[in-house]
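The structure that follows is given in the form of structure tokens.
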Amino acid sequence: MDLKLDHYTKDGIEVVDVEGEIDVYTAPRLRELLIELVKVGHYQLVVNMEKVEFLDSTGLGVLVGGLKRVRAHDGSLDLVCTQERILKIFRITGLTKVFGIHDTVDAAITARKAQK
Amino acid sequence: MSTPMATVEMSFTPLPAHVRTTRLVATAVARRSGVAETLLDEVRLAVGEACSRAVEAHRERCPDQPVRVALTGSDGRFEVVVTDAASTLRDTGGQPPGPSGAGAQPDPGASEGPLPGFLPSELGLAVIAGLVDDVRIARTESGLSIRMSWPSGDAAG
């Protein structure tokens with residue numbers, strides 16, 4: 001399955017819905033979207049990965065790059081993911097300590113608001 | 001002792017779009033070779049990582065050369081070998097080189113960075129090393145060979 005991307009604003013936070021496979025072929029599209037969102041002033045991002053079927057290190061690189069960009073504006077990039085096979089790659093690379101990873105979009109937004 | 005004939009061999013032009021195809025084929029052959037369902041995600045991710053880094057390396061250095069992948073199910077193991085023709089990395093220090101790496105001469109222009117240190121651009125190798133229990137990375141005469149294997153039931157071969 002290819003990559004589907006959508007985004008919307010909820011409680012002042014931009015939520016990015018990602019569906020499909022994030023790999024060396026599709027990751028550039030996610031990177032472009034994250035860059036565009038930051039460019040137009042969205043610095044609080046939640047990336048919903050509940051419908052991601054595959055994620056490799058290229059995708060991780062794009063997420064880290066997005067985090068770097070929002071942090072340059074004192075922003076945040078949190079993830080929503082409960083799939084073990086996706087979480088595993090975050091654990092292997094130690095990125096569970098870098099990203100806030102939540103069970104639902106609402107939980108991610110609530111946690112982010114609580115930190116403000 | 002002769003090397004067993006690969007169950008499936010592929011070579012593909014170094015385009016990112018073909019990495020997905022390779023993942024799908026590798027997963028299908030692994031399943032047919034009797035690899036447990038619980039390990040198939042691991043196979044899929046590891047093969048994808050190995051092919052992604054090979055594609056990136058080829059695109060930088062030899063875009064007209066194909067990336068080669070061999071999938072072999074025999075003797076209770078399912079083995080994947082991804083071979084590129086573009087790498088400049090050296091052998092892993094503690095890992096025995098694969099047969100194709102035997103006698104390979106180091107590239108004078110090769111990076112000095114040992115694989116266990118994993119440069120940021122080699123995150124894919126770090127993922128493979130963290131994911132796969134049996135992985136051997138070796139230089140060939142022209143590039144890097146990543147050999148990975150998983151237990152299989154030898155259902156098909």
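Throughout, protein chains are lettered first and strands after them, A, B, ... in sequence-line order, and every chain is numbered starting at 1.
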Q. Can you say whether B:L15 sits under 4.5 Å from chain A via the side chain, the backbone, both, or neither, judging by heavy atoms?
A. neither
Q. Is the backbone N or O of A:L77 less than 3.5 Å from a side-chain atom of A:Q44, with the two atoms forming a donor-acceptor pair by type?
A.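 Flag not set: sc A:Q44 to bb A:L77 has no pair under 3.5 Å.
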(Q) If you count heavy-atom pairs within less than 4.5 Å of chain B, which of A:T93, A:D56, A:L55 leads? (A) A:D56
Q | Per-residue contact mode, B:V127 against chain A (heavy atom under 4.5 angstrom) | A | both
Q | Any residue meeting side-chain hydrogen bond (donor to acceptor under 3.5 Å, both in side chains) with A:D23, in chain and number order, not counting sequence neighbours | A |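 So A:D23 forms a side-chain hydrogen bond (donor to acceptor under 3.5 Å, both in side chains) with A:T26, B:R23.
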Q: Please state whether the rings of B:F12 and B:H18 are parallel, tilted or perpendicular, taking 30° and 60° as the class boundaries.
A: perpendicular
**Q.** Side-chain donor-acceptor contact under 3.5 Å, A:E14 with A:T9
**A.**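 A donor-acceptor contact under 3.5 Å links the two side chains.
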